[in-house]
2 protein chains.
Amino acid sequence: MRLIQNDSLKQRFSAESHFEEQFSFPVLANTRLVFFPANSTLIHENAASPDLFYLVRGRTKLSHTLANGKTLITGFFTPPCFLGEMELIDPTSPAFAVQAIEDCWCLALTKAPIATQLLNDPVFLRHICIYLTHKDVSNLTQAARNQGFTAAQRLAAFILLTENHGQYHEQHTQVAQYLGISYRHLLYVIADFLRQGYLVKTPTGYRIHDRAALHRLAHDLAD
Amino acid sequence: MRLIQNDSLKQRFSAESHFEEQFSFPVLANTRLVFFPANSTLIHENAASPDLFYLVRGRTKLSHTLANGKTLITGFFTPPCFLGEMELIDPTSPAFAVQAIEDCWCLALTKAPIATQLLNDPVFLRHICIYLTHKDVSNLTQAARNQGFTAAQRLAAFILLTENHGQYHEQHTQVAQYLGISYRHLLYVIADFLRQGYLVKTPTGYRIHDRAALHRLAHDLAD
DNA sequence: TCACCGATATGAGAAATCTCACACTAGGAG
DNA sequence: CTCCTAGTGTGAGATTTCTCATATCGGTGA
């Protein structure tokens, strides 16, 4: 995390993402603009973050360490959205890890001095409710749609979601779990993507070579 | 919907389900206890309910009419929980149909006189947030777990969830969609359940004949 | 009455996906 | 240096699930 001391950029991000409208009291003076490079961790698992983040640029993924120590990607966040609001509202709920897929900018508020104020701010709470409601609805429809699509279609959508500058390099074992398919089958599908020329293997991972084809495959899953 | 004028029963349900703790102001005096018989509709699709319900007894299912006119089961509610809170908080969100699987009792509040008060009540909003957060987390883990289970396992869980007094009678076409499997395959699995003696066919539907076996099949999906 | 439609039902072959078995590699721990 | 583990990669056969074709049944509107 790097602090960006650029007030005009902060203003611009705030305006674009309707940040101030999320609260009934002025917050901008207490807000810092922070930057997370691709692949860094915004929120560490089981270590409550002292900050409430509002993601304004960049995609992030949510992951989850299981009892057996394995980690599993469980979701994605796209801006604008709050990060760390669950732990604020319900301190009993576990903190999941949030990592940057690409370079990310967040507006950050230190929770401690304003936690009580936030928890009693109907404007803030209402926005969180609406956000959670939408997420719930889209989870539902998403889950409903996911069933009935082949692994190839879902993998194509997943690659487009996690890719950064044409580079794809997620761990196969994790992806197989996320997509709910066996490791073996994932490799079959990837081998097929290589054969079809959708992807090209590189020393560090894969490079997208036919983005249009992936879009075509994934297009039914799009929001 | 039938109004139940039984104050002591209302008190008991309220206490059991921590109803009054959901608000910062007294609500019990304005609350009615209402009853919905099995298979009746609590909330009609796209017709905003004038009431906010708090389900205290009985299971309900959420369904959803698609563009093509088909209806699709998309989820379940188990008490205690609010029904119709989404439309209250976000009037732009569509109202989905909620139907009683078995006899249901709800505490009902007429929205109109207290809507503003509710939307400014941090206690109420916080409870809704926590509820939605939990739902979100359990959706996630549920969806993650669902993948990787066979249709037979998920059907067993589904039957136990929707059964009423040992009777199962959902439409195959809808169930196939809910489970994300083809109609054809659903019939194969049901035929297999009949052959194994888990279910028995009746004129109106099916009767559960070996509940233990269904539990055994479903047990990994349980919450 | 008849034609039509949606739900129920069944068969056969194809596609998607799984399980298991095995091999290779890189990195950390002793 | 060697063992151990996790991730990667491949093959073969089994199982799950799909698609398509076809038939019956009850209701509904012309």
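Residue numbers begin at 1 in each chain, while the letters A, B, ... track the order of the sequences.
- Distance, B:R184 CZ to D:dC18 P: 11 Å, rounded to whole Å.
- Between A:F193 and A:Y198, the ring planes are tilted. Angles from 30° to 60° get that label.
- One atom, CD of B:Q153, and another, P of D:dT15, lie 15 Å apart when rounded to the nearest Å.
- The CD1 atom of B:I101 lies 9.0 Å from the CG atom of B:N39; values are rounded to the nearest 0.5 Å.
- Side-chain contact check for B:E85 versus B:L132: some heavy-atom pair is nearer than 4.5 Å.
- At least one side-chain nitrogen or oxygen of A:H172 sits closer than 4.0 Å to the OP1 or OP2 atom of D:dG9.
- A cation-pi arrangement is not found for A:R126 relative to A:F124, the charged atom failing to lie both closer than 6.0 Å to the ring centre and inside a 45° cone about the ring normal.
- Residue contacts shown for B:S182 include a base, since a base heavy atom lies under 4.0 Å away.
- Looking at A:Y178 and A:F158, their side chains come closer than 4.5 Å, going by heavy atoms from C-beta outward.
- Residue B:L187 is classed as a base contact, given a heavy-atom separation below 4.0 Å to a base.
- Note: CD (A:E170) to P (D:dT8) measures 11 Å, nearest angstrom.
- Nucleotide C:dA9 holds its P atom 15 Å from the CZ atom of B:F193, rounded to whole Å.
- Taking atom CG of B:D192 as the reference point, atom P of C:dG11 lies 14 Å away to the nearest angstrom.
- Across the protein-nucleic acid pair, B:H169 atom NE2 and C:dT8 atom P stand 13 Å apart, rounded to whole Å.
- In the set C:dA12, D:dT8, C:dA16, C:dA16 carries the atom at the smallest distance from any side-chain atom of A:H185.
- If you check D:dC18, D:dG11, D:dG9 against the side chain of A:Y188, the one that comes closest is D:dG11.
- A straight line from CG of B:L194 to P of C:dT8 spans 14 Å, rounded to a whole angstrom.
- Heavy atoms of B:A191 sit nowhere under 4.0 angstrom from any nucleic acid atom.
- Comparing atom distances between the A:Y183 side chain and each of D:dC20, D:dT10, D:dT8 picks out D:dT8 as nearest.
- When the P atom of C:dT17 is taken as reference, atom CZ of B:F149 falls 18 Å away, rounded to whole Å.
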